[in-house]
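The next block holds one structure in the form of structure tokens; read it before the comments.
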There are 2 protein chains.
Amino acid sequence: MAASARQGPYICGIDAAMDVVTGKWKSLILWELHEHGTRRFAELRRGLPGVSEKMLVQHLREMEEDGLVHREVYPVVPPKVEYSLTEHGITLNTALESLAVWGQERIQRIGAEKTATDAA
Amino acid sequence: MAASARQGPYICGIDAAMDVVTGKWKSLILWELHEHGTRRFAELRRGLPGVSEKMLVQHLREMEEDGLVHREVYPVVPPKVEYSLTEHGITLNTALESLAVWGQERIQRIGAEKTATDAA
DNA sequence: CAGAATCCTTTAGGATACTG
DNA sequence: CAGTATCCTAAAGGATTCTG
């Protein structure tokens, strides 16, 4: 079952996908793990400036339950835990690509508007 | 400027896109308008079972400010207001398609898991 | 190092009543 | 019809402290 507490059934696919991506840092975590392949807890923290430990753990746990992230614990001391994307995490990232492109274009637009406004 | 109160700059494209889609009913509103081309306020309400007037107005206003939705007011009585997608709203919808497909597959997976569990 | 636990603030969302 | 306005609850997120 999914971790992201969900009451009723999904209305459509976007609904089901959003449910898994919603969370202030989730898409960024997805991106970080996609970029680096595998990351330790502290590395992720540093890669996500501003994230609190609580939210990072919480999001990672939910994403693990949702089958997006794999958590590998090494029984050593000091503790070592490595996170990586599962197959589903990878395909989700791919599915997010066109959205990322749209977002980039939006950033350009906003920047342009801002520049135009500033120039006025 | 965007309506979705946003403090700092965006970290990446997904970030910028999510900012505009986040909101319990926004992706559904996008879908409704895409399906019907144009909808009146009351029609949207009926198309989104469970939405409150407050949230519907609020989301529509934000989406209008974000340049996704066009609001056409007809100066008649009783009032008539029609909502439709702008160019950016349409392209956003397109960008969301692969995500919708991923979500559909996820629904299938969950259904399958559930069935397997129930069978056990 | 990788977290668990606790407390607190902020934001999202909902219910209801009213209006031009 | 298409909203406003007000009040309230719930959920998300953050800061801090502690631990195996």
Side-chain angles (χ1 to χ4, degrees), chain A residues 2-8 11 15 18-30 32-33 36 38-66 69-84, chain B residues 2-8 11 15 18-30 32-33 36 38-66 69-84:
Chain A
S4 323
R6 179 71 195 207
Q7 57 296 7
I11 298 175
D15 215 21
M18 290 299 291
D19 186 34
V20 137
V21 179
T22 296
K24 195 169 177 182
W25 309 91
K26 285 194 180 177
S27 59
L28 272 0
I29 292 174
L30 229 39
E32 269 286 312
L33 292 180
H36 300 90
T38 182
R39 293 256 96 176
R40 295 184 60 173
F41 186 79
E43 291 176 327
L44 276 173
R45 256 204 99 178
R46 281 190 291 272
L48 273 34
V51 72
S52 67
E53 291 186 355
K54 180 193 159 193
M55 287 316 296
L56 186 52
V57 181
Q58 186 176 310
H59 281 169
L60 284 169
R61 290 289 141 81
E62 289 178 1
M63 293 170 80
E64 189 187 356
E65 287 240 7
D66 285 331
V69 163
H70 173 69
R71 178 167 175 266
E72 186 76 37
V73 182
Y74 296 89
V76 296
V77 42
K80 176 179 175 181
V81 178
E82 282 188 343
Y83 293 91
S84 56
Chain B
S4 324
R6 179 71 194 207
Q7 58 294 9
I11 299 178
D15 216 19
M18 291 299 292
D19 186 33
V20 138
V21 179
T22 296
K24 194 169 177 181
W25 308 90
K26 286 194 180 176
S27 60
L28 272 0
I29 291 174
L30 230 39
E32 269 287 314
L33 293 180
H36 299 92
T38 181
R39 293 255 97 176
R40 297 183 59 172
F41 186 81
E43 291 175 328
L44 276 173
R45 257 203 98 179
R46 281 190 292 274
L48 273 35
V51 73
S52 66
E53 290 186 356
K54 179 193 158 193
M55 288 316 297
L56 185 53
V57 180
Q58 186 176 311
H59 281 169
L60 284 169
R61 290 289 141 83
E62 289 177 1
M63 293 170 80
E64 189 187 357
E65 286 238 9
D66 286 331
V69 163
H70 173 68
R71 179 167 174 266
E72 185 77 35
V73 182
Y74 296 89
V76 297
V77 41
K80 175 178 175 181
V81 179
E82 282 189 342
Y83 293 91
S84 57

Original post:
Between the base of D/dG14 and the side chain of A/Lys54, is there any donor-acceptor pair under 3.5 Å?
Top reply: yes
Out of [options], which has the shortest distance to the side chain of [X]?
| X | options | result |
| --- | --- | --- |
| B/Met55 | D/dG3, C/dG13, C/dC1 | C/dG13 |
| A/Arg71 | C/dG14, D/dG14, C/dG3 | C/dG3 |
| A/Trp25 | D/dA2, D/dG14, C/dG14 | D/dG14 |
| A/Pro79 | D/dG14, D/dG3, D/dG20 | D/dG20 |

Is there a side-chain contact between [X] and the phosphate of [N], meaning an N or O under 4.0 Å from OP1 or OP2?
| X | N | answer |
| --- | --- | --- |
| B/Tyr83 | D/dG3 | yes |
| B/Arg46 | D/dC1 | no |
| B/Arg61 | D/dT4 | yes |
| B/His59 | C/dG13 | yes |

Give the rounded distance in Å between these two atoms: [atom1] of [X] and [atom2] of [N].
| X | N | atom1 | atom2 | value |
| --- | --- | --- | --- | --- |
| A/Glu82 | C/dG3 | CD | C1' | 16 Å |
| B/Gln58 | C/dG14 | CD | C1' | 11 Å |
| A/Glu62 | D/dA12 | CD | C1' | 10 Å |
| A/Glu43 | C/dG3 | CD | C1' | 16 Å |
| B/Lys24 | C/dG13 | NZ | P | 7 Å |
| A/Tyr74 | D/dG20 | OH | C1' | 20 Å |
| A/Leu60 | D/dG13 | CG | P | 14 Å |
| B/Arg40 | D/dG3 | CZ | C1' | 13 Å |

Interatomic distance, [X] atom [atom1] to [Y] atom [atom2] [nearest 0.5 angstrom]:
| X | Y | atom1 | atom2 | result |
| --- | --- | --- | --- | --- |
| A/Trp25 | A/Arg45 | CH2 | CZ | 10.5 Å |
| A/Thr22 | B/Met18 | OG1 | CE | 5.0 Å |
| B/Ile29 | B/Lys26 | CD1 | NZ | 8.0 Å |

Considering only heavy atoms from C-beta outward, does the side chain of [X] approach that of [Y] to under 4.5 Å?
| X | Y | answer |
| --- | --- | --- |
| A/Glu43 | A/His36 | no |
| A/Leu56 | A/Leu60 | yes |
| B/Met63 | B/Leu30 | yes |

Original post:
Where do A/Leu33 and A/Tyr83 come nearest, in terms of heavy atoms and distance?
Top reply: CD2-O, 3.5 Å
Original post:
Looking only at heavy atoms, what is the nearest atom pair of B/Lys24 and B/His59, with distance?
Top reply: N-CE1, 3.6 Å
Original post:
For the helix from C/dC1-D/dG20 to C/dG20-D/dC1, what angle lies between the axis at the first five pairs and the axis at the last five pairs, to 10 degrees?
Top reply: 50°
Original post:
With a non-hydrogen cut-off below 4.0 angstrom, is A/Arg45 in contact with a base, only sugar-phosphate, or nothing?
Top reply: nothing
Subject >> 5' precedence on DNA chain D between A/Ser52 and B/Phe41 (nearest-nucleotide basis) >> reply: B/Phe41
